[in-house]
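Treat the numbers as computed from the prediction; the structure is a model and nothing was measured. We number each residue from 1, following the sequence as shown.
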Amino acid sequence: MAIKKSNKMSQKAVIKQIVRRCSSLGKRSQGGDGEEGLPVDVPKGHFVVYVGKNRSRFIVPISFLSRPEFQSLLQLAEEEFGFDHENGLTLPCDENLFQALTSSLR
């Protein structure tokens, strides 16, 4: 299932919004210590998501944003949490399921 245009935003616009939002979270939280203010442990071309009940932190490649499997998770996240919050990109997914999904995408 891919991201739908239901909220008057194209899939491309939603992906750009997610990337921009992830980047701005790093800038605010790190205060400029890393490259462009991003957290030091997040390599270029990657972003952070929080998964599961314990909000475990995972660093994933930006290329995952174009994969239909990952887009399904993003749609679920939008429906459950929205994208307008300060707590980072949280995915409503069990940690084990997320790890299995991401290992199959690599």
Side-chain angles (χ1 to χ4, degrees):
M1 172 194 287
I3 296 175
K4 298 177 186 174
K5 294 183 181 181
S6 61
N7 292 339
K8 298 181 183 177
M9 290 184 77
S10 71
Q11 178 179 347
K12 189 174 182 180
V14 170
I15 290 173
K16 283 183 180 179
Q17 179 184 14
I18 293 166
V19 172
R20 196 175 320 116
R21 186 116 178 109
C22 292
S23 296
S24 67
L25 286 171
K27 289 176 186 175
R28 281 198 302 268
S29 66
Q30 292 296 317
D33 292 338
E35 180 181 321
E36 297 181 14
L38 296 175
V40 182
D41 65 335
V42 179
K44 192 171 193 168
H46 292 72
F47 65 102
V48 175
V49 295
Y50 298 93
V51 178
K53 293 177 185 175
N54 297 323
R55 285 185 39 92
S56 297
R57 184 175 184 259
F58 291 91
I59 299 170
V60 296
I62 288 176
S63 63
F64 282 12
L65 293 172
S66 64
R67 301 293 298 265
E69 303 91 334
F70 201 82
Q71 289 177 7
S72 294
L73 286 176
L74 294 176
Q75 178 151 6
L76 290 172
E78 179 183 26
E79 291 169 2
E80 188 164 329
F81 307 117
F83 289 125
D84 190 26
H85 55 86
E86 300 297 320
N87 298 325
L89 181 57
T90 303
L91 300 177
C93 179
D94 176 72
E95 292 172 40
N96 293 330
L97 178 62
F98 181 78
Q99 289 176 324
L101 171 71
T102 55
S103 67
S104 72
L105 295 177
R106 295 186 188 267

Taking all atoms of both residues into account, what is the closest heavy-atom pair of Q71 and L65, and its distance? NE2-O, 3.1 Å
Which distance, rounded to the nearest 0.5 Å, do you find between the CD of E95 and the CZ of F58? 5.5 Å
Judged by atom type as modelled, is there a donor-acceptor pair below 3.5 Å linking the side chain of D94 to the main-chain atoms of N96? yes
So, do C93 and L76 sit near enough that their side-chain heavy atoms are less than 4.5 Å apart? no
Is there a path of hydrophobic side-chain contacts, each under 4.5 Å between heavy atoms of I, L, V, M, F, W or Y residues, that connects L89 with L97? no
Donor-acceptor side-chain pairing of E79 and Q75 below 3.5 angstrom: yes
Say you draw a straight line from OG of S63 to NE2 of H46; how long is it, rounded to the nearest 0.5 Å? 7.5 Å
Work out which heavy atom in R67 is nearest to a heavy atom in L105; give both atom names and the distance. NH1-O, 3.3 Å
Once the angle between the rings of F70 and F47 is folded into 0 to 90°, is it parallel (under 30°), tilted (30 to 60°) or perpendicular (over 60°)? perpendicular
Distance in Å, L73 CG paired with T90 OG1, rounded so as to fall on 0.5 Å steps: 12.0 Å
Here the gap from L101 atom CG to F64 atom CZ, rounded to the nearest 0.5 Å, amounts to 7.5 Å
R57 and its side-chain contact (heavy atoms from CB on, under 4.5 Å) partner, picked from V48, V49, V51: V48
